[in-house]
2 protein chains.
Amino acid sequence: MDKKLASHAAEVLKALAHPIRLQVVEALEGGERSVGEIAEAVGEKQAITSQQLNIMKDKGILKSRREGARVFYWIENENAIRVLGCVHNHCRKKGKGRR
Amino acid sequence: MDKKLASHAAEVLKALAHPIRLQVVEALEGGERSVGEIAEAVGEKQAITSQQLNIMKDKGILKSRREGARVFYWIENENAIRVLGCVHNHCRKKGKGRR
DNA sequence: TCTGCGTATCGAGATATAACGATATTACTA
DNA sequence: TAGTAATATCGTTATATCTCGATACGCAGA
């Protein structure tokens, strides 16, 4: 893995490495949802949610479409879900087995 | 996934979301190596490499042991390797234009 | 104890990210 | 075209991260 590839991979990971953004991925696992629905699901204000959605869209993790006044987001990069799975797995192990 | 779990998961991901740190994981996939070996493998200076190793150790991704003057690091959290695999997979798809 | 090698830490400056309230934009409807 | 709901963006402040040179620490051999 050369520097350039590593940098790009890091960019993608960074786009997931945030509590709100992880929760967004979780909220979208079942399919597309509007910004308002997502904001409610993750328990954050509209402005912040919109910003985080934009970040993930920029990095190619999400895509969006407008439908009237609302905008729906969905997961474009399925690897995001796999990454979420890995971290989930890690956290379960820490919580139950060790220490 | 509640806020607390999401925050912890984000912490772990953040510890991987850096070009050097991803390369470190790759360098350690084959087993433990000393700081000097790792620094050379990723092409970075000693101080920076040591700092990044420390970050990953703090977050439970690596562990280390001292052997004389040298310190060896290895991967403690195998999920780090899986995450790396996910991102690799993502980048390959993007690069070749498949879908 | 002194020396040298390998590793860790410190402090500073530059850059990036987070969070927030306020405001702008867009689209629908009366 | 005025009003309203949904979403996006702006401007600011606070905080975190990255990088680097310098330096301190830990260990082993002479």
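The sequence lines fix the lettering, A, B, ..., with proteins before strands; numbering per chain opens at 1.
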Legend entry - Sugar-phosphate only, base, or nothing, as touched by Phe72(B) at under 4.0 Å among non-hydrogen atoms: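 The answer is nothing, as Phe72(B) stays clear of every strand by at least 4.0 Å.
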Under the rule for side chain to side chain contact (heavy atoms under 4.5 Å, CB included), what residues qualify as partners of [X], not counting sequence neighbours?
X        : answer
Ser34(A) : Glu37(A), Arg70(A), Phe72(A)
Ala39(A) : Thr49(A)
Ala69(B) : none

Legend entry - Nucleotides bounding contact with chain A, strand DNA chain D, heavy-atom threshold 4.0 Å: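 Boundary nucleotides touching chain A, in 5' to 3' order, are dA6(D) to dC10(D).
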Legend entry - Side-chain heavy-atom pair Lys14(B), Lys14(A) within 4.5 angstrom cut-off: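 Side-chain contact under 4.5 Å: no.
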Inset, instruction - Start with the C-alpha distance between Glu76(A) and Lys59(A), add both sets of side-chain angles, then the distance that settles salt bridge (Lys or Arg N to Asp or Glu O under 4.0 Å), and finish with yes or no. - result: CA-CA 10 Å; Glu76(A) 169 71 9; Lys59(A) 299 294 170 55; over 6 Å; no
Inset, instruction - State which residues pass salt bridge (Lys or Arg N to Asp or Glu O under 4.0 Å) with Glu26(B); sequence neighbours excluded, sorted by chain then number. - result: none
Using a 4.0 Å cut-off on heavy atoms, which residues in [range] reach DNA chain D? List them by number, or say none.
range                     : value
residues 44-55 of chain B : Lys45(B), Ala47(B), Ile48(B), Gln51(B), Gln52(B)
residues 31-43 of chain B : none
residues 17-27 of chain A : none

side-chain hydrogen bond (donor to acceptor under 3.5 Å, both in side chains) partners of [X], counting only residues at least two apart:
X        : answer
Ser64(A) : Lys57(A)
Gln52(A) : Arg21(A)
Lys45(B) : none

Legend entry - Step-by-step side-chain contact (heavy atoms from CB on, under 4.5 Å) determination, Ile55(B) to Asp58(B): CA-CA 5 Å; Ile55(B) 291 171; Asp58(B) 278 348; 5.8 Å; no
Legend entry - Backbone of Arg82(B) reached by a side-chain donor or acceptor of Asn79(B) within 3.5 Å: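 Not at all, since once roles are kept as given, no pair shorter than 3.5 Å links the two residues.
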Inset, instruction - Please answer whether the main-chain N or O of Val42(A) pairs with a side-chain N or O of Lys3(B) as donor and acceptor at a distance below 3.5 Å. - result: yes
Inset, instruction - Assess whether side-chain contact (heavy atoms from CB on, under 4.5 Å) is satisfied between Val83(B) and Val12(B), documenting all intermediate values. - result: CA-CA 11 Å; Val83(B) 171; Val12(B) 175; over 6 Å; no
Legend entry - Along DNA chain D (nearest heavy atom to each residue), the more 5'-positioned of Lys14(B) and Arg70(A):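 Looking at the nearest nucleotide for each, Arg70(A) comes out on the 5' side.
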Legend entry - Nucleotide range of DNA chain C lying under 4.0 Å from chain B heavy atoms: dG6(C) to dC10(C)
Inset, instruction - Show your working on side-chain contact (heavy atoms from CB on, under 4.5 Å) between Arg65(B) and Tyr73(B) and close with a plain yes or no. - result: CA-CA 7 Å; Arg65(B) 68 183 177 85; Tyr73(B) 283 81; over 6 Å; no
Legend entry - N-O pairing of Arg33(B) and Glu40(B) below 4.0 Å: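 So Arg33(B) does not pair with Glu40(B) through a salt bridge.
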